**Q** 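Please see the structure below; I have some questions.
In this text, all values refer to a predicted model and were calculated from it rather than measured experimentally.
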Protein chains: 2
Amino acid sequence: MKVTIKDVAREANVATSTVSRVLSDNPRISEETKIRVNEAIKRLNYKPNPIARSLAKNKTRILGVVLPNEADDLLSNPFFVNAMKGMSMYAQSKNYYITYAFSKNKENELENIKEMTQSHLVDGIIMLRVKENDESIEYLKDSKFPFVVVGRPENPDEILWVDNNNFQAMYEVVNKLIQKGHKRIGFVGAIKNLNMSKDRYKGYEKALEANKIKLDQSIIVYKDEFKESEGEFGCRELLKNEDLTAIIATDDLLAFGVLKELRSNKIKNIATVGFNNTQLAQYQKPPLASVDINADKLGYKAAKLLIETLEEEDKTNTNRHYIVKTEFIKRDSFM
Amino acid sequence: MKVTIKDVAREANVATSTVSRVLSDNPRISEETKIRVNEAIKRLNYKPNPIARSLAKNKTRILGVVLPNEADDLLSNPFFVNAMKGMSMYAQSKNYYITYAFSKNKENELENIKEMTQSHLVDGIIMLRVKENDESIEYLKDSKFPFVVVGRPENPDEILWVDNNNFQAMYEVVNKLIQKGHKRIGFVGAIKNLNMSKDRYKGYEKALEANKIKLDQSIIVYKDEFKESEGEFGCRELLKNEDLTAIIATDDLLAFGVLKELRSNKIKNIATVGFNNTQLAQYQKPPLASVDINADKLGYKAAKLLIETLEEEDKTNTNRHYIVKTEFIKRDSFM
DNA sequence: TTGTAAGCGTTATCAC
DNA sequence: GTGATAACGCTTACAA
């Protein structure tokens with residue numbers, strides 16, 4: 001029924017070890033037998049059994065991904081699906097498989113990770129978002145299990161990660177606003193102590209500085225969560241400054257709230273920009289300009305980094321990362 | 001370093017086969033040794049190696065899912081992510097893993113499926129959408145590879161599937177419209193020969209019939225694709241009938257187009273209902289009423305059906321299916 | 001009830 | 001260059 005390496009060996013009149021060598025492109029094998037074996041393989045339609053191979057090599061070629069399960073994020077944020085797609089694309093090209101686990105809630109993410117590392121099923125793990133003081137990352141680091149993080153971790157030492165240049169992205173957006181003539185640009189952020197938040201804030205700060213615009217703490221607000229309602233509140237606070245001409249939000253959800261608040265105040269002349277280029281951005285009133293973070297590329301590069309690390313001989317180089325370009329998506333709210 | 005069944009056997013002073021028996025809850029094993037072995041397992045923090053187990057049992061406990069890669073579907077339609085979540089949830093509860101492959105394009109879906117069936121890696125496959133004359137399904141059926149389909153296939157014989165009752169769902173929606181007083185209800189569908197299309201159309205037909213409303217072909221249009229633009233064209237055709245008071249679309253994307261066309265004609269008194277309860281439905285002008293198909297449950301049940309089939313002794317019962325309830329989500333467009 | 005040993009399909013080590 | 005054969009970690013007859 002199912003054809004194994006033995007059948008191929010018999011068919012080609014060689015030992016199984018020879019077939020195995022042909023399979024792995026071993027150099028010391030004669031052209032002649034290589035051809036003979038390959039013909040046998042084709043004739044029998046032989047496919048190596050990855051399970052047996054995994055057992056012998058102690059490597060599975062399977063990568064694990066733990067996804068958050070909160071409906072909000074997963075559905076409204078194209079980030080996840082896009083990142084998954086990107087990872088899958090690279091993995092497939094390298095004959096790796098990916099298995100996803102949705103963690104039931106925030107609390108048991110570490111649980112899921114532990115299970116994965118101890119499962120003997122995955123060679124490495126990709127983490128799709130970084131929390132501050134991320135215990136999952138701490139755990140992975142301590143356990144020496146190969147992993148890569150999407151999003152620059154707090155302490156990137158000896159961690160493989162992929163991220164956008166959030167500083168640069170924000171710097172450029174604010175610059176664009178300034179070039180449009182804006183001088184009073186409000187800032188709405190959330191969860192201050194995320195690396196991402198810090199970087200975007202710094203980008204804001206430096207762009208103002210580079211343009212000789214004085215930083216004004218009264219038009220900078222931070223909220224607790226990346227939620228539309230928080231954006232509304234934030235905007236309300238900012239509107240106490242009547243000279244505001246633009247508002248930059250560090251996330252689309254916040255920006256949606258800003259737009260909502262502006263609408264309910266019948267304000268039509270304050271430019272607004274968000275981050276992540278969420279699906280819904282284009283459907284806002286007015287359509288929201290946003291910074292696309294290229295999630296598929298983030299995923300792609302994450303898988304690449306992980307697989308490269310898994311396959312390289314000396315594992316000392318544990319400190320690499322990729323930066324993925326962002327793209328400003330101009331829409332009507334940028335005015 | 002890594003602890004195997006041998007270590008446990010040594011620790012508990014038994015043979016590896018005994019440990020294996022304890023692991024698999026074999027009945028003929030004394031309480032005493034069971035306890036001893038379990039203690040050893042705990043002491044050594046032993047986790048069975050699923051790869052070795054797979055090789056021995058010739059079963060991997062891994063399910064394969066092939067996803068379409070077209071940005072449209074995958075991102076705008078919450079169906080996929082929700083279904084994936086549902087599948088993942090059930091699989092995890094049964095200690096199964098799921099591996100996803102994004103097919104590069106429609107053409108190579110069959111390619112992906114073939115690869116999966118021959119990979120020796122997955123025990124079964126879940127198909128996430130049915131085309132008409134689906135060659136992937138034909139292939140899977142012919143190859144006797146275990147699989148389940150989300151969406152009732154054309155010829156459901158000897159196929160495991162999960163779906164909504166599309167007939168019923170449509171019947172009820174149209175009934176609701178009629179009860180609201182609507183008598184002239186336009187119908188916009190696409191891809192007529194999909195089972196889903198046929199069922200929804202029949203629901204429409206029967207609901208009219210049950211309410212003694214005469215079927216009028218001139219207010220029924222079919223387009224080529226589930227796209228917003230097709231919805232617009234469809235609506236334009238329907239509007240030739242000036243007495244229309246409601247339009248039912250078999251998909252949210254079509255309904256979006258309908259709403260758009262209505263808006264651009266400044267028509268505000270035609271009720272509209274879509275299907276799938278897409279993320280964007282609530283953001284339409286007016287917010288679109290839609291039928292939620294409970295995608296997570298579809299995925300959950302699909303995984304359940306597949307796993308149950310994989311685990312049952314006699315494989316003769318290849319003809320089961322689940323029906324997942326739909327839910328009408330009322331929004332302003334339902335008036 | 002428990003142990004022995006063969007077997008799952010590969011790869012890797014060691015001969016020749 | 002190629003072939004035997006042990007080994008990977010587990011399950012499962014078959015024995016005892």
**Q** Rounded to whole angstrom units, what separation is found between the CZ atom of A/R28 and the C1' atom of C/dA12?
**A**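 So the two atoms are 10 Å apart, to the nearest Å.
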**Q** Please determine, by modelled atom types, if B/Y139 and B/T117 share a side-chain donor-acceptor pair under 3.5 angstrom.
**A**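 There is such a pair between these side chains.
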**Q** Which nucleotide, C/dG9, C/dT2, D/dT2, lies nearest any side-chain atom of B/L55?
**A**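 The closest nucleotide is C/dG9.
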**Q** Quickly work out the A/L23 CG to D/dT2 P distance and round it to whole Å.
**A**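 Distance, rounded to whole Å: 15 Å.
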**Q** If I take atom CZ in residue B/R21 and atom C1' in nucleotide D/dT11, what distance separates them, rounded to the nearest angstrom?
**A**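 Answer to the nearest Å: 9 Å.
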**Q** Using a 4.0 Å heavy-atom cut-off across all strands, classify B/V19 as base, sugar-phosphate, or nothing.
**A**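 B/V19: no heavy atom of the nucleic acid under 4.0 Å.
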**Q** Expressed as a whole number of angstroms, how long is the span from A/N13:CG to D/dG3:P?
**A**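 Interatomic distance, CG of A/N13 to P of D/dG3: 9 Å.
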**Q** Compare the minimum distances between each of C/dT4, C/dG9, C/dA12 and the side chain of A/K57, then state the nucleotide with the smallest one.
**A**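 Of all the options, the side chain of A/K57 is nearest to C/dA12.
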**Q** Counting heavy atoms from C-beta on, name the nucleotide in D/dT11, D/dG1, C/dG9 closest to the side chain of A/A56.
**A**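 Of the candidates, C/dG9 comes closest.
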**Q** Can you see whether A/T309 engages A/R320 through a side-chain donor-acceptor pair at a distance of less than 3.5 angstrom?
**A**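 Distance-only check passes for A/T309 and A/R320.
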**Q** Is the phosphate of C/dA12, meaning OP1 or OP2, less than 4.0 Å from a side-chain N or O of A/S17?
**A**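 It does not, given that no N or O in the side chain of A/S17 lies less than 4.0 Å from OP1 or OP2 of C/dA12.
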**Q** Checking all strands, does A/T33 fall into the base, sugar-phosphate, or nothing category for heavy-atom contacts under 4.0 angstrom?
**A**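 If one applies the 4.0 Å heavy-atom cut-off, A/T33 turns out to touch the sugar-phosphate alone, with no base involved.
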**Q** Starting at atom CD1 of A/I5, determine the distance to atom P of D/dA4, rounded to an integer number of angstrom.
**A**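 A/I5 atom CD1 is separated from D/dA4 atom P by 14 Å.
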**Q** Mind checking if A/P48 touches a base, just sugar-phosphate, or nothing, with heavy atoms under 4.0 Å?
**A**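 Sugar-phosphate, backbone atoms only, no base.
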**Q** If the threshold is 4.0 Å, N to carboxylate O, is there a salt bridge linking B/K34 and B/E31?
**A**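 Yes, this pair counts.
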**Q** Checking contacts here: which listed nucleotide (D/dC10, D/dG3, C/dT4) is nearest the side-chain heavy atoms of B/A15?
**A**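 Selected nucleotide: C/dT4.
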**Q** Rounded off to whole Å, could you give me the CG-to-P distance for the B/L121 and C/dG9 pair?
**A**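 Result: 15 Å.
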**Q** Starting at CG of A/N26 and ending at P of C/dT13, how long is that distance when rounded to a whole Å?
**A**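 My rounded result for the distance is 12 Å.
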**Q** Looking for any heavy atom pair under 4.0 Å, which part of the strands does A/K47 touch: base, sugar-phosphate only, or nothing?
**A**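 Here A/K47 touches the backbone only, sparing every base.
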**Q** Check whether the side chain of A/S20 and the base of C/dA12 form a donor-acceptor pair under 3.5 Å.
**A**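 Check fails, no donor-acceptor contact within cut-off.
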**Q** Which listed nucleotide (C/dT2, C/dT11, C/dG9) is nearest to the side chain of A/A52?
**A**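 Output: C/dG9.
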**Q** Using a 4.0 Å heavy-atom cut-off, does B/N58 contact any base of the nucleic acid, only the sugar-phosphate backbone, or nothing at all?
**A**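 Answer is nothing: B/N58 stays at 4.0 Å or more from every strand.
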**Q** Look at the aromatic rings of B/Y90 and B/Y300 and report parallel, tilted or perpendicular, splitting at 30° and 60°.
**A**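 Judged by the thresholds at 30° and 60°, the geometry between B/Y90 and B/Y300 is perpendicular.
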**Q** Distance alone, cut at 3.5 Å: any donor-acceptor contact between the side chains of A/S20 and A/S17?
**A**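 Not at all, the side chains of A/S20 and A/S17 share no donor-acceptor pair under 3.5 Å.
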**Q** How close or far is atom P of D/dT2 from atom CZ of A/R10, stated in whole angstroms?
**A**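 After rounding, the gap between these two atoms is 20 Å.
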**Q** Under 3.5 Å, is there any donor-acceptor pair linking the side chain of A/T18 to the base of D/dG3?
**A**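 Check fails, no donor-acceptor contact within cut-off.
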**Q** Between D/dG9, D/dT2, D/dC14, which nucleotide has the shortest distance from any of its atoms to the side chain of A/I29?
**A**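 Looking only at side-chain atoms, A/I29 lies closest to D/dT2.
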**Q** Please check if atom NZ in A/K297 has more than 12 non-hydrogen atoms from other residues, nucleotides or ligands closer than 6.0 Å.
**A**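 12 or below, so no.
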**Q** On the side chain of A/S30, is there an atom forming a donor-acceptor pair with the base of D/dG1 - under 3.5 Å, no angle test?
**A**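 Check fails, no donor-acceptor contact within cut-off.
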**Q** Of the options D/dA4, D/dT11, C/dT11, whose atoms approach the side-chain atoms of A/R53 most closely?
**A**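 Given the options D/dA4, D/dT11, C/dT11, the side chain of A/R53 is closest to C/dT11.
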